[in-house]
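Report on the structure given below.
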Amino acid sequence: MAVNTSAQAPLPVGQVSRLIGGWIDRLGAIWVEGQITQLSRRPGAGVVFLTLRDPSQDISVSVTCYRQVFEAVADVVTEGARVVVFAKPEWYAPRGQLSLRATEIRPVGVGELLARLERLKKALAGEGLFAAERKRPLPFLPQLIGLVCGRASAAERDVLENARHRWPAVRFEVRNVAVQGVHAVPQVVQAVKELDGHRDVDVIIVARGGGSVEDLLPFSDEQLVRTVADCRTPVVSAIGHEPDNPLLDHVADLRASTPTDAAKKVVPDVGEEYERVRLLQDRALRCLESFLEREERGLAHALARPVLRDPHRMIDERAEQVGALADRARRTLGHLLDRASSELTHTRARVVALSPAATLRRGYAVLQTADGTVVREPADAPEGGPLRARVAGGEFGVVRVEE
């Protein structure tokens, strides 16, 4: 329960320590799994001291047990081994230290570890972390390669030497880390994050030269797998262990069988690229020559055609046709004009024959009153009134006379 304190009513250190011890005592005995990082067996001492560390995090706790408890597993448990202990948390009040009092220690066998990894593999695969569509292609020619490996290791030497032999200008950003043991996971995770955050790094290689199943357990750690899955930079796994693939192989964008294989897959060979360029140049030249030869044959075939061999022949033939058509048009137009002229002459003759002037020339006259009205009836002519008579030769005045 919470304790009420204040600056005026603080708790003594001893009471605080006893309260903490009381809270820890209520936890009871528990099963704890971890990796042994320190083992102290003093000759003649009845107590064995261990340090149990979380393989995935930088957290450890002290463990004590009676010698007879440890002697039961002393033949198979050493530093670096994974164990499961049944222990009760204890609080040492005088020093304010937490420890575990173990009453049973069980080593974690390889079979159990593999079974756990298989369950973790299925769980991560179910989340889609191993899906092929998540794999990113590697750059053709990386300018800067991030390398995570052990310090002065054969894996580092193989990657650097083979990569520079293939492409001397390639550059590396190396992070030396622990590749096995309790410090491996946090150091590898930190190195991968640093390289992924480096804006000039084009690809990251995580390399190790193989090892036992227990040695490779850090590369199957869930934290490392998720870190690689979250990387924006392509990651290549080069653990170099064929029989049992760590989970890093499945989440990485590319798996290499060995560090040397990783260098070959990440860095192109300058000699091979020169040869490829030469072959492409030769192929392009052959294609161009073939195209030109084909076009030359087509042009020669076109020039051999009569229309191109004697280009004026078609014009001459068409000129004769145009002349014939022009003559025919002129003849047709002449006939039409002659016919129209004849019809016009006949029409004019009929018009002339039917005109009033022609009638007057035959001896007829037209009488008109003073206002120009034509006299058609005797009653239309006023008696004694002036009249105008129009004949073919002109006009003259007349007077009506009654008989």
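Just so it is clear, the structure is predicted and the values come from calculations on it, not from any experiment.
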Original post:
Taking the side chain from W91 and the backbone from I24, do they hold a donor-acceptor pair closer than 3.5 Å?
Top reply: no
Original post:
Looking at side-chain heavy atoms only, is the closest gap between V236 and V206 below 4.5 Å?
Top reply: no
**OP:** Please lay out, stage by stage, how R175 and Q190 fare under the test side chain to side chain donor-acceptor pair (under 3.5 Å).
**Re:** CA-CA 10 Å; R175 293 291 185 273; Q190 180 63 27; over 6 Å; no
Original post:
Are any non-hydrogen side-chain atoms of V148 and L195 less than 4.5 angstrom apart?
Top reply: yes
Original post:
Salt-bridged, R297 to E295, with N to O below 4.0 Å?
Top reply: no
Original post:
Given W31 and V85, is the side chain to side chain contact (heavy atoms under 4.5 Å, CB included) satisfied, shown in steps?
Top reply: CA-CA 6 Å; W31 286 100; V85 301; 5.9 Å; no
**OP:** May I ask you to check whether Q187 and N176 show a side-chain donor-acceptor distance below 3.5 Å?
**Re:** no
Original post:
Considering only heavy atoms from C-beta outward, does the side chain of F70 approach that of V77 to under 4.5 Å?
Top reply: yes
**OP:** For R199, look at atom CZ and say whether over 12 heavy atoms of other residues, nucleotides or ligands are found less than 6.0 Å away.
**Re:** no
Original post:
Hey, mind stepping through L100 and T64 against side chain to side chain contact (heavy atoms under 4.5 Å, CB included) and telling me if it holds?
Top reply: CA-CA 6 Å; L100 299 176; T64 60; over 6 Å; no
Subject >> Interatomic spacing from CZ in R171 to CG in D200 - rounded to 0.5 Å >> reply: 7.0 Å
Original post:
Is R106 paired with E104 through a side-chain N to carboxylate O contact shorter than 4.0 Å?
Top reply: yes
Subject >> Cationic N near anionic O, under 4.0 Å, K264 to E272 >> reply: no
Subject >> Enclosure of R232 CZ (heavy-atom neighbours >12, cutoff 6.0 Å) >> reply: yes
Subject >> Distance (rounded to the nearest 0.5 Å) between L52 CG and E33 CD >> reply: 9.0 Å
Original post:
What heavy-atom pair brings A155 and G209 nearest, and what distance separates the two atoms?
Top reply: CB-N, 4.0 Å
Original post:
Is the side chain of T227 donor-acceptor paired with the backbone N or O of V192 at a distance under 3.5 Å, no angle test?
Top reply: no
Subject >> Verdict with reasoning, C149 to V174, per side chain to side chain contact (heavy atoms under 4.5 Å, CB included) >> reply: CA-CA 8 Å; C149 59; V174 181; 4.2 Å; yes
**OP:** Check for a donor-acceptor pair, side chain of T233 on one end and backbone N or O of D202 on the other, with a separation under 3.5 Å.
**Re:** no
Subject >> Atom of L247, atom of K121 and distance for their closest heavy-atom approach >> reply: CD2-CB, 3.6 Å
Subject >> R255 side-chain N/O to H250 backbone N/O, donor-acceptor pair under 3.5 Å >> reply: no
Original post:
Which atoms form the tightest heavy-atom contact between G146 and V201, and what is the distance?
Top reply: N-CG1, 3.7 Å
**OP:** Kindly compute the distance separating CG (D327) from OG1 (T332), expressed to the nearest 0.5 Å.
**Re:** 10.5 Å
**OP:** Look only at the side chain of S60 and the backbone of R53, and say whether a donor-acceptor pair between them is shorter than 3.5 Å.
**Re:** no
Original post:
From I205 CD1 over to F172 CZ, what is the distance, rounded to the nearest 0.5 angstrom?
Top reply: 5.5 Å
Original post:
Okay, side chain of S290, backbone of R286: is any donor-acceptor separation there less than 3.5 Å?
Top reply: no
Original post:
Between the side chain of T37 and the main-chain N/O of T51, is any donor-acceptor distance below 3.5 Å?
Top reply: yes
Subject >> Interatomic distance, I204 atom CD1 to E194 atom CD [nearest 0.5 angstrom] >> reply: 10.5 Å
Subject >> Contact check, side chains of L138 and L254, non-hydrogen atoms, under 4.5 Å >> reply: yes
**OP:** With the side chain counted from C-beta on, respond yes when V225 and L248 share a heavy-atom pair under 4.5 Å apart, and no when they do not.
**Re:** no
Original post:
For the side chain of E156 and the backbone of A152, is there at least one donor-acceptor N/O pair under 3.5 Å apart?
Top reply: yes
Original post:
In Å, rounded to the nearest 0.5 Å, how long is the span from CZ of R350 to OG1 of T345?
Top reply: 10.5 Å
Subject >> Closest non-hydrogen atom pair, L141 against W167 >> reply: CD2-CZ2, 3.3 Å
Subject >> Nearest atoms (heavy-atom pairs only) where P142 meets V266 >> reply: CD-O, 3.5 Å
Original post:
Under the 6.0 Å and 45° cation-pi test, does R41 pair with F49?
Top reply: no
Original post:
So do I105 and L50 actually touch side chain to side chain, heavy atoms under 4.5 Å?
Top reply: yes
Original post:
Could you walk me through whether R166 and E273 pass the salt bridge (Lys or Arg N to Asp or Glu O under 4.0 Å) check?
Top reply: CA-CA 10 Å; R166 293 172 64 83; E273 297 306 318; over 6 Å; no
Original post:
Can you find a pair of side-chain heavy atoms, one from I30 and one from L27, that are under 4.5 Å apart?
Top reply: yes
**OP:** Report the C-alpha separation of Y274 and V277 in whole Å, then their side-chain angles, then the decisive distance to 0.1 Å, and conclude whether the side chain to side chain contact (heavy atoms under 4.5 Å, CB included) test is met.
**Re:** CA-CA 5 Å; Y274 275 132; V277 171; 5.5 Å; no
**OP:** Write down the atom of P218, the atom of Q180, and the distance for their closest heavy-atom approach.
**Re:** CG-CA, 4.2 Å
Original post:
Checking D196 side chain against C231 main chain: does a donor-acceptor pair fall under 3.5 Å?
Top reply: no
Original post:
Does any non-hydrogen side-chain atom of S341 lie less than 4.5 Å from one of D338?
Top reply: no
**OP:** Check each of K265, R136, R134 against D253 using the salt bridge (charged side-chain N to carboxylate O under 4.0 Å, His left out) test, and report the only one that passes.
**Re:** R136
Original post:
Do other residues, nucleotides or ligands put more than 12 heavy atoms under 6.0 Å from R305 CZ?
Top reply: no
